[in-house]
Amino acid sequence: MKENEASIIALQALAFIAEDAEVAGKFLAEAGMDTQDIKKRMHEPEVQGGVLDMILSDDRLILGFCNVHDYSPEVIVEARKALPG
């Protein structure tokens with residue numbers, strides 16, 4: 001998978017995370033950022049990698065995200081491998 005494809009998946013994952021206030025809060029806390037930081041840095045590959053790490057850390061999240069976007073979990077793993085961090 002190319003980095004630009006992985007980036008698209010990561011941005012979709014960020015939108016998915018943002019839909020759940022509890023998950024979004026957890027992500028921001030773990031990333032040490034606030035919503036303004038995310039808005040400024042969401043196109044950085046390292047931040048996108050962190051977003052995919054969050055999705056991959058919880059079976060409920062990865063299955064929910066994959067269901068919404070019709071991805072297999074393996075696609076998310078490949079996307080994560082394509083991003084630094």
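Worth saying up front: this structure is predicted, and the values here are computed from it rather than measured.
- Summarising the geometry of G49 relative to R80, their closest heavy-atom pair is O-NE, 3.1 Å, with the distance given to 0.1 Å.
- Rounding to the nearest 0.5 angstrom, the gap separating the CG atom in N4 from the CG atom in L83 is 10.0 Å.
- The shortest side-chain heavy-atom distance between F27 and D20 does not fall under the 4.5 Å cut-off.
- Here the closest heavy-atom approach between residue P45 and residue E3 is recorded as CG-OE2, 3.3 Å.
- Atom OG of residue S7 and atom CD of residue E44 lie 11.0 Å apart, to the nearest 0.5 angstrom.
- Minimum interatomic distance between I9 and A79 (heavy atoms only, all atoms of both residues): CD1-CB, 4.0 Å.
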Problem - side-chain contact (heavy atoms from CB on, under 4.5 Å) evaluation trace for V23 with M54 - result: CA-CA 9 Å; V23 174; M54 178 72 178; 3.9 Å; yes
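- Remark: D70 CG is loosely packed, at most 12 non-hydrogen atoms of other residues, nucleotides or ligands lying under 6.0 Å away.
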Exercise for the section: Evaluate the side-chain contact (heavy atoms from CB on, under 4.5 Å) criterion for residues L11 and H43: first the C-alpha distance (whole Å), next the side-chain angles of each, then the deciding distance (0.1 Å), finally the verdict. Expected result: CA-CA 8 Å; L11 291 172; H43 293 290; 3.8 Å; yes
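- Enclosure of atom CD in E46 by more than 12 non-hydrogen atoms of other residues, nucleotides or ligands within 6.0 angstrom is indicated.
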Problem - Verdict with supporting geometry, M1 and V75, side-chain contact (heavy atoms from CB on, under 4.5 Å) - result: CA-CA 9 Å; M1 176 177 298; V75 168; 3.9 Å; yes
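- Pairing each heavy atom of A10 with each of V51, the nearest pair is O-CG1, 3.5 Å.
- Taking hydrophobic clusters as Ile, Leu, Val, Met, Phe, Trp and Tyr residues chained together by side-chain heavy-atom distances below 4.5 Å, V77 does not share a cluster with I8.
- Looking at every heavy atom in both residues, P73 comes nearest to I62 through CB-CD1, 3.8 Å.
- Ring planes of H69 and Y71: parallel class, angle under 30° (limits at 30 and 60°).
- Going from atom CD1 of I17 over to atom CD1 of I55 covers 4.0 Å, rounded to the nearest 0.5 Å.
- In this structure, the separation between CG on L63 and CG on D58 is 9.0 Å, given to the nearest 0.5 Å.
- Within the model, atoms CD1 of I76 and CZ of F65 stand 4.5 Å from one another, a figure rounded to the nearest 0.5 Å.
- Rounded to the nearest 0.5 angstrom, L28 CG and Q36 CD are separated by 11.0 Å.
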